[in-house]
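For reference, the structure is listed below as structure tokens.
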There are 6 protein chains.
Amino acid sequence: MRTVCFGEIMLRLCPPDHLRLLQTTTFEAVYGGSEANVAVSLAQLGCQAAYVTRVPDNELGHAALGAVARFGVDTTASLFGGERMGLYFLETGAGRRSSKVLYDRQNSGMATLEGGMIDWRTVLQHTGWLHWSGITPALSPGAADAILEALQIAADLQIHISCDLNYRDKLWKYGKTPAQIMPQLIDYTDVLLGDANAFDLYFGIQENSEAALLQRVAARFPQLRYIAMSSRAGHSASHNTYGGVLYAGQHVFHSPTYELPDILDRIGSGDAFMAGLIVGLQRAPADPQEIVTFAAAAAALKHYVKGDFNLSVETEIRSLMNGNMGGRVNR
Amino acid sequence: MRTVCFGEIMLRLCPPDHLRLLQTTTFEAVYGGSEANVAVSLAQLGCQAAYVTRVPDNELGHAALGAVARFGVDTTASLFGGERMGLYFLETGAGRRSSKVLYDRQNSGMATLEGGMIDWRTVLQHTGWLHWSGITPALSPGAADAILEALQIAADLQIHISCDLNYRDKLWKYGKTPAQIMPQLIDYTDVLLGDANAFDLYFGIQENSEAALLQRVAARFPQLRYIAMSSRAGHSASHNTYGGVLYAGQHVFHSPTYELPDILDRIGSGDAFMAGLIVGLQRAPADPQEIVTFAAAAAALKHYVKGDFNLSVETEIRSLMNGNMGGRVNR
Amino acid sequence: MRTVCFGEIMLRLCPPDHLRLLQTTTFEAVYGGSEANVAVSLAQLGCQAAYVTRVPDNELGHAALGAVARFGVDTTASLFGGERMGLYFLETGAGRRSSKVLYDRQNSGMATLEGGMIDWRTVLQHTGWLHWSGITPALSPGAADAILEALQIAADLQIHISCDLNYRDKLWKYGKTPAQIMPQLIDYTDVLLGDANAFDLYFGIQENSEAALLQRVAARFPQLRYIAMSSRAGHSASHNTYGGVLYAGQHVFHSPTYELPDILDRIGSGDAFMAGLIVGLQRAPADPQEIVTFAAAAAALKHYVKGDFNLSVETEIRSLMNGNMGGRVNR
Amino acid sequence: MRTVCFGEIMLRLCPPDHLRLLQTTTFEAVYGGSEANVAVSLAQLGCQAAYVTRVPDNELGHAALGAVARFGVDTTASLFGGERMGLYFLETGAGRRSSKVLYDRQNSGMATLEGGMIDWRTVLQHTGWLHWSGITPALSPGAADAILEALQIAADLQIHISCDLNYRDKLWKYGKTPAQIMPQLIDYTDVLLGDANAFDLYFGIQENSEAALLQRVAARFPQLRYIAMSSRAGHSASHNTYGGVLYAGQHVFHSPTYELPDILDRIGSGDAFMAGLIVGLQRAPADPQEIVTFAAAAAALKHYVKGDFNLSVETEIRSLMNGNMGGRVNR
Amino acid sequence: MRTVCFGEIMLRLCPPDHLRLLQTTTFEAVYGGSEANVAVSLAQLGCQAAYVTRVPDNELGHAALGAVARFGVDTTASLFGGERMGLYFLETGAGRRSSKVLYDRQNSGMATLEGGMIDWRTVLQHTGWLHWSGITPALSPGAADAILEALQIAADLQIHISCDLNYRDKLWKYGKTPAQIMPQLIDYTDVLLGDANAFDLYFGIQENSEAALLQRVAARFPQLRYIAMSSRAGHSASHNTYGGVLYAGQHVFHSPTYELPDILDRIGSGDAFMAGLIVGLQRAPADPQEIVTFAAAAAALKHYVKGDFNLSVETEIRSLMNGNMGGRVNR
Amino acid sequence: MRTVCFGEIMLRLCPPDHLRLLQTTTFEAVYGGSEANVAVSLAQLGCQAAYVTRVPDNELGHAALGAVARFGVDTTASLFGGERMGLYFLETGAGRRSSKVLYDRQNSGMATLEGGMIDWRTVLQHTGWLHWSGITPALSPGAADAILEALQIAADLQIHISCDLNYRDKLWKYGKTPAQIMPQLIDYTDVLLGDANAFDLYFGIQENSEAALLQRVAARFPQLRYIAMSSRAGHSASHNTYGGVLYAGQHVFHSPTYELPDILDRIGSGDAFMAGLIVGLQRAPADPQEIVTFAAAAAALKHYVKGDFNLSVETEIRSLMNGNMGGRVNR
């Protein structure tokens, strides 16, 4: 099954060796973005993945697409255009110092995308699944139009649709709130990943218990087949715990909680979780307990891969699920 | 004599080791900009230099000012504000491959500067010289307003004023042409650095001979005490020649032409030339022949310092003027 | 027109900063190989390119394919298999010290390829051009069988075929000489790139004059539509000259000779030349003078791109053809 | 309030990536020294800081001052002179391997400083606070003379004086013991940072309980307004705990004990603590409990900044005081 | 006492900064191999050590020997020959991601060694101890012949012999099992290091209790004076525990178990343990408890030295034995 | 024939990538010194070489000896002692910017060496040649005493003695001039390398013509069998010419003059020349023309090896002598 992921990709600039932005004289450069990260994960896990975005027609735009294509994703439906490459600066924390992200993504190719630019009927040919996130409608009215078009055509083509709510409070600056835009988009979606904060901001749904929260969301969007959440506790910048939850058929399934010491790079772990869910749900028959555990193990391993992409393969994820905590050298 | 330089500073991102933008995984990061480069050169040459700009109040803005302060320039009159740090990507050429610059400077602190933001009477206290360039009025109406204010107050305070015309065709995008803005600013200026292209675009002055060109500019702006030009021939990306011209008292003075093999970094060499002129003109009595030779030798040495700043000191410049072509180890 | 390139790709390990193999503590790692280099050049020049090889099913094999896919080449028809990744160590010379290559490519995926492993009828679907080189039959009997199969099926499908003779004296160790193998393969080929040494070793053809040599080769293989050669003079490891020759319709066309100072990386320049020829010949109508000049200019620019791949684009090549010797900054 | 810090700065050379001195082929170079570290911290925390030292008039000396000036410290009162730059080699430990420091600071600019070289009345103009440490009088008789001069004039100008005892057993090699020199210098001081070992070696004061020790020191130097200590436990080279103590008005105030896993660089944490105290005490009214907690949190964060300088800002320190243990990404 | 270590050395290629093999663009290059590692440890601990191997007569072979000689080991008895340098790729894990080793050692100098090539009587002159491992006979029949020759002559010269069983399941591919080869080689050996898996595969000895296992091995090879084992638990890729066991005179001696957080590089820790045993046993009188503790502390410290070699010195090992857990800076 | 080289080795710290000392944040670290450089060259050229020095008993001292031992030199006769490692900072020039050396070598192990510390009779056992340079007696009276002892014993043992005059004007600071010390040391020497400046300062010999100069030196020291000079012209920091002269049997022999573009590192080229002479003179029969050409070609190649050591081998030197100017890739 071909899965199309649609969203923004950015150039990420990160000082090496835990240096601070204030002191660095070099930056490590990778490309990433929530939906691109999902696409790469899918390809690493053996799925047929395509990625659609809009990048400027300069070296940075071409490098961004190349970075995704390198891992087996089809990027040929992406557009070139827009003023500049969106970028973000990442200062990787350690111990008691938090990681810090400085976004510089205004006026990017995706932010200046407009409705009608993408020929969705062509893009979505031979496609079984469309993945998007709440970042795209947060960028600009044109990007919100584009995702709405995509969803309408996907629905028309009876394509599965998944969404990661992915709330970013530095976005939504163009005069609309998520509550004005998101609900109608979620109406087209059948697999949802979110968190309590996004459920509140997007849908006005607040509940103290996780089960009640999931039930409320399920009730609000009855077409949703699966609702997922992840839970993280951060003991320090280098040591977190991570677990996932999947709501399916009115039941709540929990993954184990993974203890994550000595973290290398947590950016993209939510996308790794999302990709794990998609892979699991595309395989029949879907076993919710196994799926959420697989997705959480994938997310856990992402913390040990630098860059936005989760370059973990299925045998590695299954090995962690089987209790291999990393202490052996794999010769 | 305290010299104030006013203009934009950018984060420069350059792939290491002559890698291309399309292939690099790291960037070398330095900060630079025409007027900041002049300020650093002045400080390296023993002058009291101050630098005024506007940068965002984030780590990048603070790092930019620190990069200038590190070399002895007073940056305390600079403002914090604006959405983002301007930046540019530099791909350093070699041999038959040209160097390439990709600007990404829109909406920077300087581009969103507005008239009245800088308290010029305070900034220009105890100041004998103000340096600006044609980049600032090219950024935005507000930046053009700010430089006009500065010039008016500097004139009122009887401060010397120098300008590098510095034409950038990627700028001037806000609805005005240089011909509409620059002449009235040059009216306040007494030392001018330019080239044939800028004289044409800014003032509509075209002449085939260098002498005639300089005379026409001098006639157009009779308050100008000195007009300078530089001439470069590029045999390859790594091998140029460089010389300077100074028009003073109706005479044209030429520096020697320096042969420049094995260039490391030519960005900022014009600013090094400008700083050499300012230093020479601030010392009494001014000998135009010595001054243009000093300035050209300074510019020549800039080609062998990485980054925008010319970290060459006076003994090094004088040594080149005395014929030391670099072949000896200085133990 | 889709072009399929078939051959071996290797991991190239090169000490940084002109360090010698004896002293380095790090290696820069890129992937390259004659036919992969051609494929990447074709994609950079806007052609539809595919690359077929056989690499081990481990991280290195996947990284090798990803390195090619990153630049827009379709690698999905490649096979995984074989014991190990072929590799080579490159010590980049400078001035009076020659560059040095240490091959370590035995028992690679391609060397252990056997006839019948590749389904050529499927691979060559929708394909208009097949490119191969003399390296493949030099690896092993199985690789020689595979290229013969490919050529037979391509001929059957009336696909254009180009070959770079690419003699490597460290190969041909399996009991056959090029003279025993190559002529029958060239019989299927219509565009040939070679040099005097290869014409002698492969076909026993020796002539003092270039024109006579080309005529002899053309007479020996009457189906050849085009025969090309390149000529290089090495003043030092860092300074060469380069020019190309194209024999077409009984005429000899010469490119200008490009002076190449301050070379960064000459590996792959012959492949850049080959790709320039293929691109030129695929465009109608073919102008031999323009084609050989385009190909030589492409090869000239390759000397200024690190790694095996020529990441130069058409506007850059045309700019050099138009006399831009690299001395200007492209802002 | 302007604070002047006086002491030695060194070039610090540290192998990258936890390599050992015996095996490294590169060194990371930063500049640091106890009093310079305090000055930079003060400037980062918004205070007006100046730094006075003596460095050789060569590139290393200029780079050292630039490294301090870059973070907003006024270094213009420093002297150029002396034979060489003091330096130290730092081997950063990990886990069970301790960090190691190799000093090479003899005959430095500060070690060859002599009384009368610094014009303290000019240096201490417009100054409200002078900070020094026990390292300076340990360098040489001339350095001890210079600090005595500074203290006498500061006392005369009614400037606040703080001292970090900072015992280094590799120093004090010129024929005097700390007990012979330090007490008379402490007589001028009103804020003191020390530890049990220094109290013993400098003043012959030994007590088992912390409270008794602080009372003894307070009784011995009745002019002291504040006495501070820090306590560290080292579980491993990468995991310590850190807390501070402040004795004020006959009461002992303790900061929380911070657990510090995954340490990046602990050098300079004592100086970060000292700077936190100075900042706290300069703000009115002084709340000893809040001050010692602020200083300890500043020191805790220093463990997560590479180099000698604590590039943490007040919001980060307050965030740690408020219980943010580093586990969130600050977007 | 001169100790000769005999075995294979490889070029180890490791991505920096915990990058994965799939994504790295550089490799850190060191040389290592079990017996070379032992030799370097011995030299670091003050013993007279020699190393015998066979490497190709190219830059890599010479660099390999130089890497060992650099730390004071006599490599002059090694041979040059064979097709290629054996190498291995190491992907260093972190947290929940295991480290991974990719061997590429076929057809190396040692693998193509044959009986009679080494003049053992000359090599073993003035030698008191010969160390070998189970890797050598696993490479090829020729290598197995060579070790047998060495052992016979060493026995004839009454040289002490130690062996580390060092089972590698990627080896033993030439048609023999360890059970067919190893027992007769162990018959010559008087100090043995092994583990339960090797005792089973090599000798068919299985026991549930450690004591019983050691007794069985001792009974099977009555000439063995000492049998050692090490025990490791891997909580994560970055956190292990390590302890050693020594069986001597029918008694079992255990080292403390060292907790090893924040591991840098565990490759070679078993060789560090082996070297610690050899050093201890060469010193008279041998105290088994002290020896096994010394060896385990040496192995513990190896985890904090990058590369295969344990560049720890005796004072560091004794400091750990005395309870210094690494938390102090050694100034 | 075993050759012993005696002199000082230093840690050399060099900014990477042509950065200036004022701006670098890292240093490349190698070890080198005139006589160590000769020893390594000798070993690379197949001679049996030993190196004697005195370094501090710390990691830097051990690393220095290891750096020499790594290339096959016997360093076991060196002493550990003295306060500190001598070091020098090297700023590598380019084009019009000269390279710059900043020495920091006072109080090193060699500078604090004293007569009697080295047991020369043992050191010079089985030795046929002793090499020293004018740097050693320039360090301190004790170092001058040590070299005199060495020469007396070498003379007594009828060992050949060579000397490179190697004048350094930053040395000779202990109250003696070279003219007071050197002549008596040269009286023991039979092969001398010098230049016009040293002949003047050491011996008061000045002549305009090279031939007359050599004759005067030969007349002054009649025991000298060979006198050599080298001549360099520096067109720029990156482009020199180099040639050698050998005076033997009253004849003057000149090498070709090598054009040296794109220089990587010229430090140590004189030592490479010296080593070439020693190798040539140790082989019988000595052909002065061939020897001086070999030595000059060795020196020429040194310009293309980074670090102090000339890691060129005989086939490379002979290839240059045969006219291979570096333009071919050595596959």
Side-chain angles (χ1 to χ4, degrees), chain B residues 10 12 14-26 34 88-105 135 138 166-171 195 197 231-242 259-270 303 308, chain C residues 14-18 28-32 40 43-44 67 70-72 92 94-95 238-242 256 258-266 269 296-313 315-317 319-331:
Chain B
M10 291 173 284
R12 154 179 156 177
C14 181
D17 295 328
H18 289 99
L19 289 176
R20 303 211 65 173
L21 285 170
L22 193 56
Q23 66 188 154
T24 193
T25 59
T26 54
S34 180
Y88 75 100
F89 294 88
L90 169 65
E91 189 182 83
T92 305
R96 297 285 160 248
R97 175 163 62 79
S98 301
S99 289
K100 182 163 189 177
V101 171
L102 214 69
Y103 286 110
D104 181 15
R105 63 200 297 179
I135 292 171
N166 246 339
Y167 178 68
R168 296 281 182 271
D169 68 359
K170 297 274 176 62
L171 297 178
D195 59 24
N197 184 41
S231 64
R232 177 191 299 276
H235 303 326
S236 78
S238 323
H239 186 176
N240 291 188
T241 57
Y242 192 95
E259 195 79 19
L260 303 177
D262 300 300
I263 294 171
L264 294 182
D265 190 330
R266 63 182 265 187
I267 306 292
S269 48
H303 292 78
D308 275 45
Chain C
C14 181
D17 295 328
H18 289 99
E28 294 173 350
V30 298
Y31 292 87
V40 168
Q44 288 292 109
R70 180 185 162 188
F71 296 108
T92 305
S238 323
H239 187 175
N240 290 190
T241 58
Y242 192 94
Y258 289 104
E259 195 79 18
L260 303 177
D262 301 300
I263 294 170
L264 293 183
D265 191 330
R266 62 182 266 187
S269 48
L301 281 179
K302 169 60 195 72
H303 292 78
Y304 303 102
V305 182
K306 295 186 109 180
D308 275 44
F309 300 156
N310 185 21
L311 304 177
S312 303
V313 294
T315 54
E316 293 169 332
I317 297 167
S319 176
L320 177 56
M321 291 167 76
N322 291 334
N324 177 348
M325 288 292 116
R328 298 187 125 183
V329 176
N330 188 351
R331 287 177 198 260

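Residue numbering restarts at 1 for every chain, and letters A, B, ... go by the order of the sequence lines. If you're wondering where the values come from, they're calculated on a predicted model, not measured in any experiment.
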Engaged part of C/Phe309 at the chain B interface, taking heavy atoms whose separation is under 4.5 Å:
neither
Heavy-atom cut-off 4.5 Å, strictly under: side chain, backbone, both or neither for C/Ser312 against chain B?
both
Identify the residues of residues 261-270 of chain B whose heavy atoms come closer than 4.5 Å to a heavy atom of chain C, ordered by number, or report 'none'.
B/Asp262, B/Arg266, B/Ile267
All side chain to side chain donor-acceptor pair (under 3.5 Å) counterparts of B/Glu91, not counting sequence neighbours:
B/Arg20
Rounded to the nearest 0.5 Å, what separation is found between the CG atom of B/Leu19 and the CG atom of C/Leu311?
10.0 Å
Can you tell me how far OH of C/Tyr304 sits from OG of B/Ser238, rounded to the nearest 0.5 angstrom?
7.0 Å
Do [X] and [Y] come within less than 4.5 Å of each other through their side chains, counting heavy atoms only?
{"X": "B/Arg96", "Y": "C/His303", "answer": "no"}
{"X": "C/Pro16", "Y": "B/Asp17", "answer": "no"}
{"X": "B/Asp169", "Y": "C/Arg331", "answer": "no"}

Could you go through B/Val101 and C/Asn330, starting from their C-alpha distance and side-chain angles, then the distance that decides it, and tell me whether this counts as side-chain contact (heavy atoms from CB on, under 4.5 Å)?
CA-CA 6 Å; B/Val101 171; C/Asn330 188 351; over 6 Å; no
Which one, B/His235, B/His18, B/Arg97, leads in non-hydrogen pairs under 4.5 Å with chain C?
B/Arg97
Would you please test B/Ser98 and C/Val329 for side-chain contact (heavy atoms from CB on, under 4.5 Å) and show each step?
CA-CA 6 Å; B/Ser98 301; C/Val329 176; over 6 Å; no
Side chain / backbone / both / neither for B/Lys170 at chain C, heavy atoms under 4.5 Å
side chain
Is B/Tyr88 close to chain C through its backbone or its side chain, or both, or neither, when contacts mean heavy atoms under 4.5 Å?
neither
Any idea which heavy atoms bring C/Arg70 and B/Gln23 closest together, and the distance?
NH2-CA, 3.4 Å
For B/Arg232, I'd like to know if atom CZ has over 12 heavy atoms of other residues, nucleotides or ligands within 6.0 Å.
yes
